[in-house]
Each structure stands twice: as structure tokens, then as C-alpha cells.
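Encoded as C-alpha cells, the structure appears first; notes follow it.
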Amino acid sequence: MTSKISILGSTGSIGTQTLDVARMHGIKVVALTANKNIKLLETQAREFEPEMVCVFDMGAAAQLKIALRDTPIDVYCGEEGILRAAQAENCDTVVNSIVGVAGLLPTLAAIKAKKNIALANKETLVAGGSIVMKAVKDNNVKLYPVDSEHSAIFQCLQGCPENALKKVILTASGGSFFGKTRAELENVTVKQALKHPNWSMGAKITIDSATMMNKGLEVIEASWLFDCTDDEIDVVIHRESIIHSLIQLKDNAVIAQLGVPDMRIPIQYALTYPNRLPSPTAELDLADVATMSFYKPDYETFKCLAVARHALRKGGLSPAVANAANEVAVEMFLNEKIKFLDIADIVEKAVEDFSDNKQELTLDDILEADKQTRASVRARF
């Protein structure tokens with residue numbers, strides 16, 4: 001069980017729920033970081049008294065430094081400050097809940113500083129899976145998944161005999177537009193896309209859920225976490241979000257992890273593993289749930305899922321390209337510069353057009369592919 005944590009992205013949904021867990025179990029918070037929400041970060045800092053805080057935005061960091069001048073808390077800014085928090089000397093686990101590929105460098109920095117990782121940033125493994133997993137092994141640290149689906153699989157695998165796994169089955173809520181046709185999605189608004197049926201998440205992840213790109217990214221992440229090929233990963237739509245994912249063993253037995261849709265369960269398990277402790281989460285009452293439904297994904301309407309799986313099969317830099325194109329496309333949709341269905345088309349074109357698909361990757365390769373893809377997508381609009 002971890003005793004001292006650094007939280008990257010403490011003012012977001014995962015970060016605030018991580019602090020719920022830390023508060024309940026007396027886990028020391030060594031560092032907190034945020035993008036620019038200094039009001040909430042100041043409140044968190046005054047309650048948890050970390051050694052340091054960091055705000056990515058330089059102007060916001062200057063304001064926070066003034067606000068916290070009556071405390072001994074060090075205030076940093078920018079990427080350098082984020083990396084400092086990721087390597088904080090007195091922490092043993094780094095909770096990475098930064099959104100997007102921006103989480104990759106802090107993950108690698110923390111691993112090299114011999115910190116265990118509680119990973120809520122799926123793009124870290126989507127873009128840099130090969131180098132991240134090698135770094136985990138080389139530095140003899142642990143990487144615990146925080147995404148509810150990957151945590152569920154991790155939990156199901158406890159006590160599973162070696163080589164007994166046949167496939168992993170990721171559940172998906174289906175997002176805001178489950179059951180809709182492409183024609184019905186032609187003119188959906190940002191407001192409509194941000195209405196998730198079960199989870200309270202940030203804007204980017206909620207849009208990814210609506211396009212099902214989130215599930216595509218999770219397929220790629222699962223391939224690295226559990227050493228699975230695309231053929232060994234299934235996706236099933238489960239609207240109620242009670243079963244968080246499943247594993248199928250070679251004898252065709254299926255094991256599932258269930259719980260109310262509350263991220264504090266996987267967050268806590270990543271921080272307290274292998275212990276099971278009281279949780280701030282409500283109990284699951286199956287009689288209240290009464291029924292659960294399951295459907296096959298619609299790969300034609302929600303093309304992002306198919307494109308992500310194609311990128312996984314291509315390997316090399318293709319997943320990083322798919323992720324970069326998606327991040328830019330989602331940003332443009334949120335700013336109402338493109339339509340909802342354009343997101344999948346943009347990601348598909350980026351993956352198909354990318355030709356320099358090395359299989360043996362370096363960090364520079366990944367960052368350059370990310371940069372080129374973003375520039376190429378923006379140049380088209």
C-alpha cells in the first residue's frame with residue numbers, strides 16, 4: 001500500500017476523487033499539479049499541505065504563489081514543474097491523471113525516478129506503450145491501472161493461473177449517442193455530446209466516449225497492460241456501467257468485476273493494492289439494478305473504435321498518430337470548428353496517410369509523429 005503520493009492533474013475528476021481516497025485513508029499528499037484552476041488548487045493545497053504545487057499556466061502560477069505566500073508550499077510552473085512533481089523525492093506513487101499525450105513525459109520521468117505509477121492517463125500507453133513498459137521493467141517499479149475497465153481486468157486476474165487467460169472483454173457504456181445512426185449524428189451539438197449517461201468526466205474524455213474513441217484507446221492500452229493482441233480483446237456495450245470489464249479463461253469460464261459507476265474504487269485499489277479497505281464508494285445493490293443489457297458495438301457508425309483497432313494492428317507509430325489526430329479533432333469539435341462525425345474521418349485519414357511507421361520506437365520518434373500529425377490535421381482546417 002502506498003503512503004505518499006504525487007497527483008498530476010489534481011483539480012480534474014480523477015484528481016479530486018483521488019483526494020477523497022487520500023483523505024479517508026490518511027495517505028500523505030506530497031505534490032499537486034493543475035493546468036490553471038488555481039482556486040481549487042489553493043483549496044486542495046491548504047487542506048492537504050503538500051510540499052509543492054505546480055500550475056502549468058505561468059500567469060496562473062504567479063497568482064497562486066501570491067495566494068499561498070503565507071504557507072511553506074513551493075509553487076512551480078510549466079512542464080519543468082510538472083516533471084518536478086512527478087519525481088518528488090518524498091513520494092512513492094505518482095497518480096497521473098493528466099489528459100492527453102501530455103501525460104507521457106511525466107510518466108517516464110516518474111518511472112525513471114523509481115516511482116510506482118497509478119495510471120489514469122491512457123494516452124501514455126497508447127502513444128508510448130513499448131518504451132513505457134520497458135522502462136517499468138528496467139526500473140523495477142509497478143504500474144497500476146486506474147481506468148475502471150483496466151482496473152477491472154487487473155482485479156479479475158488476481159489468482160488467475162499463469163497462461164490461463166484467453167481474452168479480455170472491455171465493457172463500454174456506448175456514450176451519449178448509443179443506438180443512433182450516422183444520419184442522426186450529422187448535426188449533433190457539443191452540448192448533446194457532453195451528456196454522458198453514467199460517468200462524470202472531463203470534456204475531452206466525454207467526447208471520446210461519445211465517438212467511442214475512448215474505447216479504442218482502451219483497447220490499445222489493454223494490449224500493453226495485459227500483453228494481448230487485438231484478436232484477444234473484445235468490446236461489449238453495457239449501458240448500465242455496473243460490470244466494468246471481464247476476462248475469459250481458456251476453459252471459457254468468465255470472471256467479471258462489478259460495482260457502482262464510481263472511479264474511487266479503481267483509484268483506491270491502485271493505491272492500496274493488494275489490500276482491500278473500506279471505501280467512500282456506495283455499495284452495489286443488484287436487486288436495485290434489476291437488469292443489465294449487452295450489445296455488440298456498431299463499428300460503422302462509431303468508426304473511431306474501428307480506426308483505433310486498425311492502428312493497433314498496424315503497430316509502430318500508428319497508435320500515436322491516431323491519438324494525436326483525435327486530440328486535435330476533439331479540440332476543434334469542442335470549439336465548433338468541425339462536426340461530430342468529422343472526428344472519426346480525421347483520425348482515419350491521419351492513420352492511413354502516415355507512412356513512416358517504424359516498429360522499433362524511441363521517445364523522439366513518438367514526439368515527432370505526434371507533432372507532425374497535429375500540424376497536418378490543423379493545416380487542413
Side-chain angles (χ1 to χ4, degrees), residues 100-101 122-123 125-127 129 147 149-150 153 167-186 188 193 196 204-226 228-239 245-246 248 294-333 338-355 357 359 369-370 373-374 376-377 380:
V101 79
K122 59 179 60 65
E123 293 85 356
L125 290 179
V126 170
D147 273 350
E149 297 83 356
H150 302 96
I153 294 165
K167 66 173 66 172
V168 301
I169 305 168
L170 298 172
T171 54
S173 70
S176 310
F177 302 128
F178 171 74
K180 301 291 186 183
T181 65
R182 287 186 66 82
E184 291 174 311
L185 296 177
E186 182 65 33
V188 299
H196 194 280
K204 195 268 183 183
I205 299 174
T206 305
I207 299 301
D208 281 349
S209 179
T211 65
M212 290 205 68
M213 185 63 176
N214 200 44
K215 205 55 50 180
L217 298 177
E218 288 173 8
V219 168
I220 299 171
E221 185 180 8
S223 73
W224 287 110
L225 284 170
F226 308 112
C228 294
T229 65
D230 178 61
D231 291 336
E232 295 169 330
I233 305 170
D234 280 350
V235 173
V236 63
I237 306 297
H238 169 50
R239 292 295 284 164
S245 277
L246 317 89
Q248 183 173 7
F294 305 93
Y295 308 88
K296 291 184 181 297
D298 181 352
Y299 284 93
E300 293 185 6
T301 300
F302 299 94
K303 287 200 304 180
C304 277
L305 177 56
V307 173
R309 300 195 76 140
H310 175 59
L312 173 59
R313 291 190 293 272
K314 285 185 70 174
L317 290 166
S318 291
V321 168
N323 178 72
N326 179 68
E327 286 192 21
V328 176
V330 170
E331 177 187 319
M332 290 192 294
F333 173 69
I338 62 172
K339 291 187 173 183
F340 179 78
L341 291 177
D342 293 335
I343 297 173
D345 294 337
I346 288 169
V347 177
E348 183 177 43
K349 179 172 174 55
V351 172
E352 289 304 323
D353 287 353
F354 190 78
S355 57
N357 199 32
Q359 296 297 312
D370 180 89
T373 301
R374 290 170 189 271
S376 176
V377 171
R380 292 175 51 207

Query - Under 3.5 Å donor-acceptor, Glu352 side chain and Lys349 backbone - result: no

Report task. Assign the ring pair Phe333 / Phe340 to parallel, tilted or perpendicular, where the plane angle (0 to 90°) is split at 30° and 60°. Result -> perpendicular

Requested in this report: Quickly, which of Val219, Thr229, Leu217 forms a side chain to side chain contact (heavy atoms under 4.5 Å, CB included) with Leu312? Name it, please.
Outcome: Val219

Query - Donor on one side chain, acceptor on other, Glu348 and His310, under 3.5 Å - result: no

Query raised in the report: Which heavy-atom pair separates Trp224 from Leu125 by the least distance, and what is that distance?
Result: CD1-O, 3.4 Å

Requested in this report: Answer yes when Lys303 and Asp345 have at least one side-chain N-carboxylate O distance shorter than 4.0 Å, and no when they do not.
Outcome: yes

Query raised in the report: Is there a side-chain contact between Lys296 and Val236 (heavy atoms, below 4.5 Å)?
Result: no

Query raised in the report: Looking at CE of Met213 and NZ of Lys204, how far apart are the two atoms once the value is rounded to the nearest 0.5 Å?
Result: 7.5 Å

Query - Heavy-atom pair with the smallest gap, counting every atom of Thr373 and Ala350 - result: CG2-CB, 4.2 Å

Query raised in the report: Do Arg374 and Asp370 sit within salt-bridge range, that is, some charged N less than 4.0 Å from a carboxylate O?
Result: yes

Report summary line: Taken in chain and number order and not counting sequence neighbours, the residues that satisfy salt bridge (Lys or Arg N to Asp or Glu O under 4.0 Å) with Lys314 are none

Report task. Starting from the C-alpha separation in whole Å, work towards a yes-or-no answer on side-chain contact (heavy atoms from CB on, under 4.5 Å) for Ile237 and Phe178. Result -> CA-CA 9 Å; Ile237 306 297; Phe178 171 74; 3.6 Å; yes

Query raised in the report: Stepwise, does the side-chain contact (heavy atoms from CB on, under 4.5 Å) test hold for Ile343 with Ile207?
Result: CA-CA 10 Å; Ile343 297 173; Ile207 299 301; 4.0 Å; yes

Query raised in the report: Can you name the side-chain contact (heavy atoms from CB on, under 4.5 Å) partners of Ile205, sequence neighbours left out?
Result: Met201, Asn214

Query raised in the report: Any side-chain heavy atom of Asp147 sitting closer than 4.5 Å to one from Lys122?
Result: yes

Query raised in the report: Among all residues two or more places apart in sequence or in another chain, which pass the side chain to side chain donor-acceptor pair (under 3.5 Å) test with Lys167?
Result: Asp234

Requested in this report: Could you pull out all residues at least two apart from Lys339 that satisfy salt bridge (Lys or Arg N to Asp or Glu O under 4.0 Å)?
Outcome: Glu186

**Report entry** Rounded distance (nearest 0.5 Å) linking atom CZ of Arg380 with atom CD1 of Ile338
**Finding:** 9.5 Å

**Report entry** Under 3.5 Å donor-acceptor, Asp298 side chain and Thr301 backbone
**Finding:** yes

Query - ring-ring contact (aromatic ring centres under 6.0 Å, His included) partners for Tyr299, two or more places apart - result: none

Requested in this report: Could you grab the distance from atom CD1 of Ile233 to atom CD1 of Ile169, nearest 0.5 Å is fine?
Outcome: 11.5 Å

Report task. Provide the closest heavy-atom pair for Glu327 versus Gly100 in the form atom of the first, atom of the second, distance. Result -> OE2-CA, 3.0 Å

Query raised in the report: Is a side-chain N or O of Arg239 found less than 3.5 angstrom from the main chain of Ser173, in a donor-acceptor match?
Result: yes

Query - All side chain to side chain donor-acceptor pair (under 3.5 Å) counterparts of Asp342, not counting sequence neighbours - result: none

Requested in this report: Working to the nearest 0.5 Å, report the span between CG of Asn326 and CD of Glu331.
Outcome: 11.5 Å

Query raised in the report: What closest approach, in Å, do Val351 and Ser318 show between heavy atoms, and which atom pair accounts for it?
Result: CG2-O, 4.3 Å

Report task. Measure across Ala325 and Ile346 and return the closest heavy-atom pair with its distance rounded to 0.1 Å. Result -> O-CG2, 4.1 Å

Query raised in the report: Under 3.5 Å, side chain of Ser176 to main-chain N/O of Ala193, donor-acceptor pair present?
Result: yes

Query - Residues Leu170, Ile153; criterion side-chain contact (heavy atoms from CB on, under 4.5 Å); working and verdict - result: CA-CA 8 Å; Leu170 298 172; Ile153 294 165; 3.5 Å; yes

Report task. Answer with yes or no after comparing the ring centroid distance for Phe177 and Phe302 against a 6.0 Å cut-off, counting only values under it. Result -> no

**Report entry** NZ/NE/NH1/NH2 to OD/OE distance under 4.0 Å, Lys215 and Glu149
**Finding:** yes

**Report entry** Under 3.5 Å donor-acceptor, Ser223 side chain and Ile220 backbone
**Finding:** yes

Query raised in the report: Do any N or O atoms from the side chain of His150 and from the backbone of Glu218 form a donor-acceptor pair under 3.5 angstrom?
Result: yes

